[in-house]
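Notes follow once the structure below has been shown.
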Amino acid sequence: MDAARNADLLVVGARRRPGHLGLQLGRVAHVLPHHSACPVATVPEEG
């Protein structure tokens, strides 16, 4: 959250797990878009 104060964009990763549809967001990737002071891009892991 401290980094978001001075950032233009935060980029976080999301994992794709075998057998699951969609992305599996961790705690940080889930919370940041709701509480960040700047835009957040969630990028899926290559797979």
Side-chain angles (χ1 to χ4, degrees):
M1 299 308 292
D2 290 335
R5 288 188 189 118
N6 298 319
D8 293 323
L9 175 70
L10 288 178
V11 180
V12 295
R15 296 183 180 196
R16 293 188 185 271
R17 295 188 183 170
H20 291 273
L21 298 175
L23 297 175
Q24 302 296 309
L25 297 179
R27 278 186 244 170
V28 173
H30 180 76
V31 170
L32 276 176
H34 300 288
H35 300 284
S36 177
C38 68
V40 178
T42 304
V43 180
E45 171 181 76
E46 284 189 42

field: Over all atoms of both residues, closest heavy-atom pair of Val12 and Leu32
entry: CG1-CD1, 3.5 Å
field: Partners passing side-chain hydrogen bond (donor to acceptor under 3.5 Å, both in side chains) against Arg5 (at least two apart in sequence or in another chain)
entry: Asp2
- line: Sequence neighbours excluded, the answer for ring pair (Phe, Tyr, Trp, His ring centres under 6.0 Å) partners of His34 is His30
message: For the SG atom of Cys38 and the CG atom of Asp8, what is their distance to the nearest 0.5 Å?
response: 7.5 Å
